[in-house]
Amino acid sequence: MCGIVGGISSAGTVLQHLIEGLRVLEYRGYDSCGVAVAEGGAVTVRRKVGRLSELERVLSDGALAGARAGIGHTRWATHGKPSDENAHPHSDGSGRLALVHNGIIENYLELRRELLAEGRVFHSETDTEVLTLLVGREYERGRSLGDSVRAALARVRGYYAIAVISTGKNPELVGARHGPPLVVARTKDGAWLASDVLALLPHTREVTYVEDGEVVELSPGRIVITDLAGLPIERAPRRVDWDAEAAGKGGFAHHMLKEIFEQPDVLARTAFDRIAQVHGDVSFEGEGWQDERLARVQRVQVIACGTALHAGMIARYLIEGLARVPVDFDFASEFRYRGPCLVPGTMALAITQSGETADTLAALRLARDLGAFPASICNVIGSTVVRESGAVILTHAGPEIGVASTKAFTAQVVAAFLLAVRLARARGTLDEAQGRSLLDDLRRLRPRMEGLLTEATVDKVRRIAERHLHAKGFFFLGRGVNYPVALEGALKLKEISYVHAEGYAAGEMKHGPIALIEPGMPIVVLSSPGVVQDKVRSNIEQVKARGGHVIVIGADREALALADESIEVPEAIEWLSPILNVIPLQLLAYHHALGRGCDIDKPRNLAKSVTVE
Ligand code: F6R
């Protein structure tokens, strides 16, 4: 979703840093971009619909190259179509101030009317311009930029992260947050802000997360944090353990492919240090995961979106199966508005890669307000969900840049498995020996994942993908713990290949969707040894009888023998089979998209982290 960068320096110019920062944020998805710099007593804005390369073209005259303070933005349209006029930064018309914004100003129509009545002129359809003019009005009254921002924000209802630049005697740079993330960092001669910590890593790994209701004033080597009333707030920076290299492609053609291949290491990072093998148990950081609390859990309510919800659906099979605790799951966006009834003793479990997804965060807050204990599985240290959770399992998957989530999903499933074992041990539904055996199975998964990620498999998947490049649509079928994997396979293909794909519970096909099957239609079926393997084989026969072209993925040899095409996956216990079965599905989507010439890391219309409702 939209990205913000900003910087002020006494020792060097900032434009190149702004562009590099925006490039780091490109993965989040955007449709226009722009920068504003303060130089020579004026603020100059340049913005462009389309990719960053378009903006670089208009900046190539070098006119802004000497500036020592500036802000930049990548926009994912919400109010108003993608266009040069709607792109950020927005200026207040004075030539002295410009602003970028992530989020939504809910009362913008009422504020716009008020500003129009004063004779102020709008040049865009955005809610952001309203905020810009509000700040500008305060600035005209002779306030500092920090005071102007605080006064303007007092009038605003909504969610925002903003950065504002102005030039008076000296350039000023101010940020503020209520909702979408904002992170700041200082260096010896500079100060920097961004909506994503990745954009700060080229400057430093010591960063400070801005909290809701805070305003930050940046000057070279200095950052002052205040609340909206101007009262100072002290907060020590935190060290980020990701480095800038982790966000690179590491020799792979795409981030997505690199991230698929990282998965064996991700399994190790999420799990291995937490396995207490002698006790057949798992140890998580924090008191929220201790026996006493877990013994009180009556129900788990999973809330998540997209791929993370698929991991949450798998969590249901694992937690109910191993710990015998009932689990409900909801799309976070649905949970919020269905008037949920939570029983006492509910643990609300938010699953989120970014920790900033607006619906997930709001659903977690709602669950907390309804009396649930807020817990989360999350990849980003310092993210809002992490900070608002009473207990957190960090997945340690490293930065995920590809918009289509791969390694984050695997890490979430691994974390859910660890949680299921921990809950089961705390509640006595697993003994030490059973715990040890399950954790052994988890450890043994790593070499199996590596064995699957070979050139031979990749080649085989690529050939299958290429054979079906022109298929009208795909079905992905699975049962039990592999039903959510089927949903995930379909989602991956839709996202990056733009082909209609439907994920379905294999046993449900005969209740309607089987009518869609036409001769030759690719039907991907997941089949692993376990309680439903015989049932899946019958479902394969039903599909074949209607002329469907069956592609079986899994370790069930008999099902593989029934297939028109197949990818054999190493065997694992049923609970862990999703972690292996999803890999060929990710590769299938990747190669299908590649064959169709799609922009794999930046699929159309999608944003990496959805910070608006
Ligand atoms: C799919 C994908 C999305 C995210 C969803 C939740 O590939 O990436 O469906 O899973 O937007 O995002 P997080 O996990 O950041 O809350």
Side-chain angles (χ1 to χ4, degrees), residues 1-2 27-29 76 179-181 195-198 254-257 259-260 263 266 270 302-315 329-336 348-365 376-386 388-389 392-395 397-413 415-416 476 484-485 487-498 501 503 582 585-590 592-593 598-613:
M1 200 136 264
C2 307
Y27 80 99
R28 301 176 69 91
W76 191 81
S195 53
D196 183 326
V197 75
L198 289 177
H254 296 93
H255 287 289
M256 182 182 177
L257 193 59
E259 288 158 7
I260 291 172
Q263 292 178 108
V266 166
T270 308
V302 171
I303 34 195
C305 303
T307 287
L309 186 71
H310 299 153
M313 292 168 75
I314 294 173
F329 61 81
D330 271 278
F331 291 115
S333 54
E334 288 297 317
F335 179 81
R336 295 174 65 179
L349 181 65
I351 304 183
T352 165
Q353 187 284 127
S354 61
E356 302 294 351
T357 301
D359 283 318
T360 306
L361 181 58
L364 184 67
R365 287 175 177 161
S376 59
I377 293 176
C378 186
N379 193 34
V380 180
I381 304 172
S383 61
T384 313
V385 165
V386 165
E388 297 201 10
S389 298
V392 182
I393 305 172
L394 285 168
T395 50
E400 187 177 67
I401 307 294
V403 166
S405 183
T406 54
K407 64 174 181 173
F409 170 78
T410 294
Q412 288 159 354
V413 176
F476 289 78
V485 182
L487 298 180
E488 178 59 9
L491 180 62
K492 287 290 89 94
L493 196 69
K494 285 184 254 215
E495 280 183 292
I496 59 169
S497 204
Y498 317 141
V582 77
L585 299 187
Q586 297 166 340
L587 289 169
L588 183 71
Y590 176 84
H592 201 264
C598 302
D599 189 345
I600 289 177
D601 283 332
K602 295 192 264 316
R604 71 180 180 207
N605 303 340
L606 295 184
K608 180 66 186 163
S609 171
V610 185
T611 50
V612 294
E613 209 186 313

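One-based numbering, in listed order, for ligands and for the atoms of each. FYI, side chains are in, hydrogens and waters are out, and symmetry mates aren't considered; it's all heavy atoms of this structure.
- At a threshold of 4.0 Å, the pair R365-E388 counts as salt-bridged, since one of the basic side-chain nitrogens sits closer than that to a carboxylate oxygen.
- In this structure, D601 and I401 have side chains that are not in contact, with every pair of non-hydrogen atoms separated by 4.5 Å or more.
- Interatomic distance, Q353 CD to T395 OG1, rounded to the nearest 0.5 Å: 7.0 Å.
- Given atom 6 (C) of ligand 1, the protein heavy atom at minimum distance is C305 O, 3.4 Å.
- Geometrically, ligand 1 and S354 share a nitrogen or oxygen pair separated by less than 3.5 Å.
- Comparing T360, N379, T307, L309 against atom 4 (C) of ligand 1, the shortest heavy-atom distance belongs to T307.
- Nearest heavy-atom pair, A408 versus E400, reported as atom, atom and distance to 0.1 Å: N-OE2, 3.0 Å.
- In this structure, the side chains of L364 and I303 come closer than 4.5 Å at one or more pairs of heavy atoms.
- Using a 4.5 Å heavy-atom threshold, the side chains of L491 and F409 count as separate.
- Listed by atom number, the atoms of ligand 1 under 4.0 Å from A308 heavy atoms are 10 (O), 14 (O).
- At least one heavy atom of V403 sits closer than 4.0 Å to an atom of ligand 1.
- The protein atom (non-hydrogen) at minimum distance from atom 14 (O) of ligand 1 is Q353 N, 2.6 Å.
- Evaluation of the side-chain contact (heavy atoms from CB on, under 4.5 Å) rule for A589 yields K492, L493, I496 as partners, not counting sequence neighbours.
- The closest side-chain donor-acceptor pair between Q586 and T406, if any, does not fall under 3.5 angstrom.
- Atom 13 (P) of ligand 1 has its nearest heavy-atom neighbour, among D359, I303, T357, L491, in T357.
- Defined by atom type and a distance below 3.5 Å, a donor-acceptor pair is present between the side-chain atoms of S389 and S376.
- Interface atoms of ligand 1 facing E495, defined by a heavy-atom separation under 4.0 Å, are 1 (C), 2 (C), 7 (O).
- Looking at E356 against ligand 1, nothing comes within 4.0 Å, counting heavy atoms.
- Which parts of ligand 1 touch K492 is read off a 4.0 Å heavy-atom cut-off, strictly below it: atoms 1 (C), 7 (O).
- Applying the 4.0 Å criterion to heavy atoms of A404 picks out, from ligand 1, the atoms 7 (O).
- When hydrogens are left out, the protein atom nearest atom 11 (O) of ligand 1 is V610 CG2, 4.3 Å; that is the closest non-hydrogen contact.
- Close approach of ligand 1 to G306 (heavy-atom distance below 4.0 Å) involves ligand atoms 9 (O).
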